[in-house]
Amino acid sequence: MKQLLAWYDANHRSLPWRLNPDPYWVWISEMMCQQTQIATVLPYFERWMARLPSVESLAAASIDEVLALWQGLGYYRRARSIHAAANLIAAQGWPSSAKEWALLPGVGRYSSAAIASTTLGEPVALVDGNVERVFARLTACPEGKPALQRLAWTWAEENLHQPDPGRWNQALMELGALVCRPKTPLCDECPVRAHCRAYALGTSEAFPVASAKPETISLDLTLSVHRLNGKVALVQQPEGEWWTGLWTFPIQKGSPTQKALGTVRAQVTHHKLSLHICLVDESPSDARWAEENELHAVAMPAPIRRAWSIVLRDG
DNA sequence: AATGCGGGGTT
DNA sequence: AACCCAGCATT
């Protein structure tokens with residue numbers, strides 16, 4: 001498997017946090033990259049570093065500003081975790097091992113290993129979606145998700161390249177992202193195909209074996225847009241609701257009783273949301289009235305922002 | 001080990 | 001519409 005490192009050196013993407021493997025940069029990048037594609041993250045990362053260039057500036061920022069910088073990335077709890085962790089780091093200093101990293105909110109087994117191997121050179125293995133797929137094909141693993149993950153972690157630990165764990169981990173993930181892709185893997189370009197059981201069988205695309213998908217749930221929600229004198233009513237979603245902590249128009253469960261101005265559809269994990277937009281005259285009881293021309297600076301989920309642009313166009 | 005958490009882009 | 005993405009936390 002030594003060919004992998006040479007391949008990585010010659011073919012890896014030049015990412016900001018690789019050019020500057022500072023703990024702050026690597027940590028933020030790992031948080032943004034959770035369940036999110038690299039290409040999506042890049043513009044958010046640049047904007048973030050321009051505004052919050054250090055852990056001290058992050059700790060001093062308001063959660064509203066952090067959420068606004070996060071707007072559009074999804075899984076907004078990550079933004080809250082980062083903000084909370086920044087205050088811990090500002091008070092206690094940087095973690096000095098993967099084990100310490102994993103004590104911070106939002107940092108689990110994968111992220112702690114990624115950060116520690118990259119910034120500290122600590123010999124800790126990791127498995128993400130890429131490594132899991134690489135492992136599944138290399139070994140033609142017939143197992144579904146739970147067993148596959150367990151086996152992949154064991155494999156990663158046994159095969160960690162001790163002299164340079166950070167570069168090795170990056171190389172495994174990069175191989176999964178660029179060559180050992182989910183669909184149409186580029187096996188002819190693979191530096192380790194000589195070791196690949198699925199390639200030998202000619203069935204690379206059959207791995208990893210698909211597991212049962214959760215049933216999609218359809219939900220109707222009514223979005224009440226109250227406008228008055230150039231202002232609009234917003235509510236901040238509480239814990240336990242969709243888009244916790246972000247600003248939205250008042251939301252009721254169910255279909256509207258009046259005719260909707262339009263409908264915005266959004267997919268949230270395995271939920272399919274239909275957001276019916278209704279214009280309302282009377283003022284809501286419990287809301288913040290925001291100037292319409294300041295709305296762009298408010299942290300709103302992407303579907304809500306789409307709903308607002310429909311109101312501006314047709315309302 | 002299995003869910004819940006509750007987004008977004010790509011094909 | 002399905003699929004996947006540098007997962008985490010809780011049970």
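Computed over heavy atoms, backbone and side chain alike; hydrogens, waters and symmetry mates excluded. Order of the sequence lines fixes the chain letters, A, B, ..., with proteins taken first and strands second; residue numbering starts at 1 for each chain. Computed from a prediction, not measured in an experiment: that's the story for all the values here.
Counted by atom type alone, A:D22 and A:N20 present zero donor-acceptor pairs between their side chains at under 3.5 Å. With 3.5 Å as the limit, one finds a donor-acceptor pair spanning the side chains of A:H276 and A:T263. In summary, the side chains of A:E122 and A:S97 do not present any donor paired with an acceptor at a separation below 3.5 Å, with no hydrogens or angles considered. Between the side chains of A:R181 and A:T184, a donor-acceptor pair is found at a separation under 3.5 Å. Inspection of the A:Q34 and A:R78 side chains reveals no N or O donor paired with an N or O acceptor under 3.5 Å.
Aromatic ring centroids of A:W70 and A:Y75 lie 6.0 Å or more apart. Note: A:W242 and A:H271 meet the aromatic proximity criterion, with ring centroids under 6.0 Å apart. Annotation: A:Y76 is not in aromatic contact with A:W243 [ring centroid separation under 6.0 Å not met].
Taking atom C1' on both C:dC5 and B:dC5, the two are 16 Å apart, rounded to the nearest angstrom.
Scanning residues 162-190 of chain A for heavy-atom distances under 4.0 Å to DNA chain B yields an empty list. If you check residues 134-152 of chain A against DNA chain B, the residues with a heavy atom closer than 4.0 Å are A:P146, A:R150, listed by number. Taking every heavy atom of residues 105-120 of chain A and every atom of DNA chain C, pairs under 4.0 Å involve A:P105, A:G106, A:V107, A:G108, A:R109, A:Y110, A:S111, by number.
Among residue pairs with one or both ends in residues 132-190 of chain A, those qualifying as ring-ring contact (aromatic ring centres under 6.0 Å, His included) are A:F135-A:W155, A:H161-A:W168; sequence neighbours excluded.
Taking SG from A:C187 and CZ from A:R137, the interatomic distance works out to 7.0 Å, rounded to the nearest 0.5 Å.
With a heavy-atom cut-off of 4.0 Å to chain A, the contacted part of DNA chain C has its first and last nucleotide at C:dC3 to C:dA9.
Below 30°, between 30° and 60°, or above 60°: for A:H226 and A:W289 the angle between ring planes is above 60°, a perpendicular geometry. Aromatic ring pairs are classed by plane angle as parallel below 30°, tilted from 30° to 60° and perpendicular above 60°; the pair A:W101 and A:W27 is tilted.
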Listing time: all N or O pairs from protein to nucleotides 8-11 of chain B that are below 3.5 Å?
from, atom 1, to, atom 2, distance (Å)
B:dG8, OP1, A:Y76, OH, 2.9

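Within 6.0 Å of CZ in A:R51 there are 12 or fewer heavy atoms belonging to other residues, nucleotides or ligands.
Rounding to whole angstrom units, CG of residue A:L219 and P of B:dC5 are separated by 12 Å. Atom CD of A:Q34 is separated from atom C1' of B:dG7 by 13 Å (rounded to the nearest Å). Taking atom CD of A:E241 as the reference point, atom P of B:dC5 lies 11 Å away to the nearest angstrom.
Checked for salt-bridge contact, A:E132 and A:K145 meet the test: a charged N lies under 4.0 Å from a carboxylate O.
Put simply, the side chain of A:N229 does not reach to within 4.5 Å of the side chain of A:K231, judged on heavy atoms.
Within 4.0 Å (heavy atoms only), A:R265 reaches no atom of the nucleic acid at all. Among the protein residues, A:L15 comes within range of the nucleic acid bases, having at least one heavy atom under 4.0 Å from a base atom. Nucleic acid contact for A:W70: none, since no nucleic acid atom lies under 4.0 Å from a heavy atom of the residue.
Linking ILVMFWY side-chain heavy atoms closer than 4.5 Å, directly or via other members, places A:Y8 and A:I38 in two distinct hydrophobic clusters.
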